[in-house]
Amino acid sequence: MQSFPSMAASHVVVSMLLAAVCSAALVLALVAWRRANRKRKGKGMAFHAWHDPLTGLPNRAYVMHELNGMFAPGERPSLAVLFIDLDGFKAINDIHGHQGGDLFLRAVGRSLRQSVRERDIVARFGGDEFVVVLRRYSGEENLSRICRKVLDLVSRPVQVGGELLAVSPSIGVAVAPRDGHDAETLLRNADAAMYSVKETGKADFRFYVEGMHELARERMALALDLRQALQQDDIEVAYQPKRCLRSGQVRGLEALARWNHITRGDVPPTVFVPVAERSGLIHALGETVLRRVLAQLAAWDIEGVPVSYVAINLSLHELTRPSFVESLAAIVALSPVDPSRIRFELTESSQMRQPEESVRQMHALRDQGFALLIDDFGAGFWNLGHLRELPVGTIKIDQSFVRGGLHNDADRQITEAIVRLARKLRLETVAEGVETADQANWLRDLGCDVGQGFYFAHPMPPAAVGGYLERLASGLA
Ligand code: C2E
Ligand code: CA
Ligand code: CA
């Protein structure tokens, strides 16, 4: 009976020992598991810290880290940085939602990866900005070849939500050691070069040269001044008559935006319209011009000045803004002027690569009662086959053909072909930039309907239009 408690005691000791061993094992296992888990998490954290979750590509922090490493004291690496921004990507996001935009960005990431070697870095900097770091490159010729490859691969259409979409990249290039000895400077200079591509038509690449920052600053200042001019209603409109080449009668007028700045003087639309497009001010500019034109037409109606229609320039840039047509219709609804007295002159642009969307918007404009006209025809990308499907009543032959038509065979033949085609499609033709009587006669004999140019009249302030029409009616102009 005595042993009983001692047996019980030894049991207790054993089980205590066992428990201790077990819990020690448990603690050890726990520690090991925690350690492994931390390691795993650490790895995950490093991946997240260095990578862009959307494309899986390295991110800005990674590029800075790598570049800083390459530029360690004593190192003078020879490398190139490509700063890449997509042209018109915003429209894809606006129209196809973020899901569509994400799909597109992943595809761009893949195309970029395919354009360069394994050892080069392809990173997403954020938004629609990508950076490629080429470790070692053999001369500018080789770099240009790589840039062309990037342009080609990234511009290829991508299937998004059953539609083929494409945008082009604008690429700025800076090389070390010439353009900088540190990560910051190189990236800043590549960015400035990219910006300079954007300014002059996009869809291209350019090497950094000194002075690009100053230019960019000047353009920024110009955009600020333009914003102010729009707020203060300082943008005026000039009107250029369009005349029937047979009867000489005025068919309508083209509205051309004018900006006279206190210190800059007259800033031409060829300068401020691109600035407006890049800074997003193009919508405000378009609405300002439309409001002015409507008010002017109403005033001419009251004064008895017989203007049947005014043509307003629109860039396809404006056309892709969602709710664009509704906002125009809302402005016209507030005016007594019928929308059929407004014609929109659409200039194609190479960066606008969403033909389906543009055509949809053109039909919407037409449904609102506006008339449409294709501007600068022959100079760009409007495809002749396409013309039949577009809701347009007029095409305007580009100035360059009118100018060259009398001396240059190719220009003459193109002009003749355009007029013939337009007649077949029952479209009216306008020739712009008519500067001489010879040109006017040649165009009339070809069968072109309307002429516009310095030969007939320069663009004039609205107050001069009534007098011009009167002089014309009395045979003096
Ligand atoms: P555009 O639509 O092709 O307009 C014709 C341009 O040629 C105008 O230049 C006009 O003044 C000029 N021009 C007219 N007749 C002749 C001629 O006989 N010879 C020559 N050499 N030129 C002639 P402007 O007013 O400087 O406008 C330039 C461009 O700016 C326009 O080209 C148009 O694309 C754009 N623009 C002007 N106003 C607006 C606007 O309100 N909105 C938009 N989006 N663009 C505008
Ligand atoms: Ca025009
Ligand atoms: Ca033109």
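For reference, positions follow the sequence shown, starting with 1. Below, all heavy atoms of this structure are taken into account, side chains as well, without hydrogens, waters or symmetry copies. All ligand and atom numbering here is 1-based and tracks the order in the structure.
Between the side chain of Thr436 and the backbone N or O of Gln439 there is at least one donor-acceptor pair closer than 3.5 Å. For the pair Ser358 (side chain) and Leu319 (backbone), a donor-acceptor distance under 3.5 Å is absent. At distances below 3.5 Å, at least one donor-acceptor pair connects side-chain atoms of Asp449 with backbone N or O atoms of Thr429. A donor-acceptor pair under 3.5 Å is absent between the side-chain atoms of Glu129 and the main chain of Ile84, judged by distance alone. Of the possible donor and acceptor atoms, one in the side chain of Arg292 sits under 3.5 Å from a partner among the backbone N and O of Asp233. Thr55 contributes no side-chain N or O that, together with a main-chain N or O of Gly109, makes up a donor-acceptor pair within less than 3.5 Å. Judged by distance alone, the side chain of Arg341 and the main-chain N or O of Val307 form a donor-acceptor pair under 3.5 Å.
Each of Ile418, Thr347, Asp398, Ile397 was compared with Phe377 under the side-chain contact (heavy atoms from CB on, under 4.5 Å) criterion, and only Ile418 meets it.
Residue Leu256 touches ligand 1 through backbone and side chain together, judged by heavy-atom distances below 4.0 Å. Residue contacts with ligand 1 for Glu277 are absent, since no atom lies close enough (heavy atoms, distance under 4.0 Å).
Between Val289 and ligand 1, no N or O atom pair is found at a separation short of 3.5 Å. Ligand 1 has an N or O atom lying under 3.5 Å from an N or O atom of Phe454, backbone or side chain. Considering backbone and side-chain N/O of Asn313, one or more are found under 3.5 Å from N/O of ligand 1. Any N or O atom pair closer than 3.5 Å counts here, and Arg403 shares no such pair with ligand 1.
Within the structure, the closest approach of Gln452 to ligand 1 does not fall below 4.0 Å when heavy atoms are considered. In this structure, Gly433 has a heavy atom closer than 4.0 Å to ligand 1.
For the pair OD1 of Asn313 and OD2 of Asp375, the angle at the Ca ion (ligand 2) is about 90°; rounding is to 10 degrees. Of the angles at the Ca ion (ligand 2), the one spanning OE2 of Glu254 and OE1 of Glu345 is 80° when given to 10°.
When each atom of ligand 1 is checked for a heavy atom of Asp375 under 4.0 Å away, the hits are 2 (O). For ligand 1, the atoms closer than 4.0 angstrom to any heavy atom of Asp376 are 3 (O). Under a 4.0 Å criterion applied to the non-hydrogen atoms of Glu318, ligand 1 contributes the atoms 44 (N). The Pro459 neighbourhood of ligand 1 comprises atoms 11 (O), with distances under 4.0 Å to a heavy atom of that residue. Atoms of ligand 1 found under 4.0 Å from any heavy atom of Glu254, numbered from 1 in the order shown, are 2 (O), 4 (O). The distance from ligand 1 to the heavy atoms of Glu435 drops below 4.0 Å at these ligand atoms: 17 (C), 18 (O), 19 (N), 20 (C), 21 (N). Interface atoms of ligand 1 facing Gln240, defined by a heavy-atom separation under 4.0 Å, are 14 (C), 15 (N).
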Assess the residue pair Gln452 and Lys396 against the criterion (side chain to side chain donor-acceptor pair (under 3.5 Å)); give the C-alpha distance rounded to whole Å, side-chain angles, the decisive distance to 0.1 Å, and a yes or no.
CA-CA 10 Å; Gln452 191 184 340; Lys396 193 185 240 187; 3.0 Å; yes
From CA spacing to verdict: side chain to side chain donor-acceptor pair (under 3.5 Å), Asp266, Asn260
CA-CA 4 Å; Asp266 279 327; Asn260 182 275; 2.9 Å; yes
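By heavy-atom distance, the residue among Gln399, His458, Glu432 lying nearest atom 7 (O) of ligand 1 is Gln399.
For His213 and Tyr208, the gap between ring centers is short of 6.0 Å.
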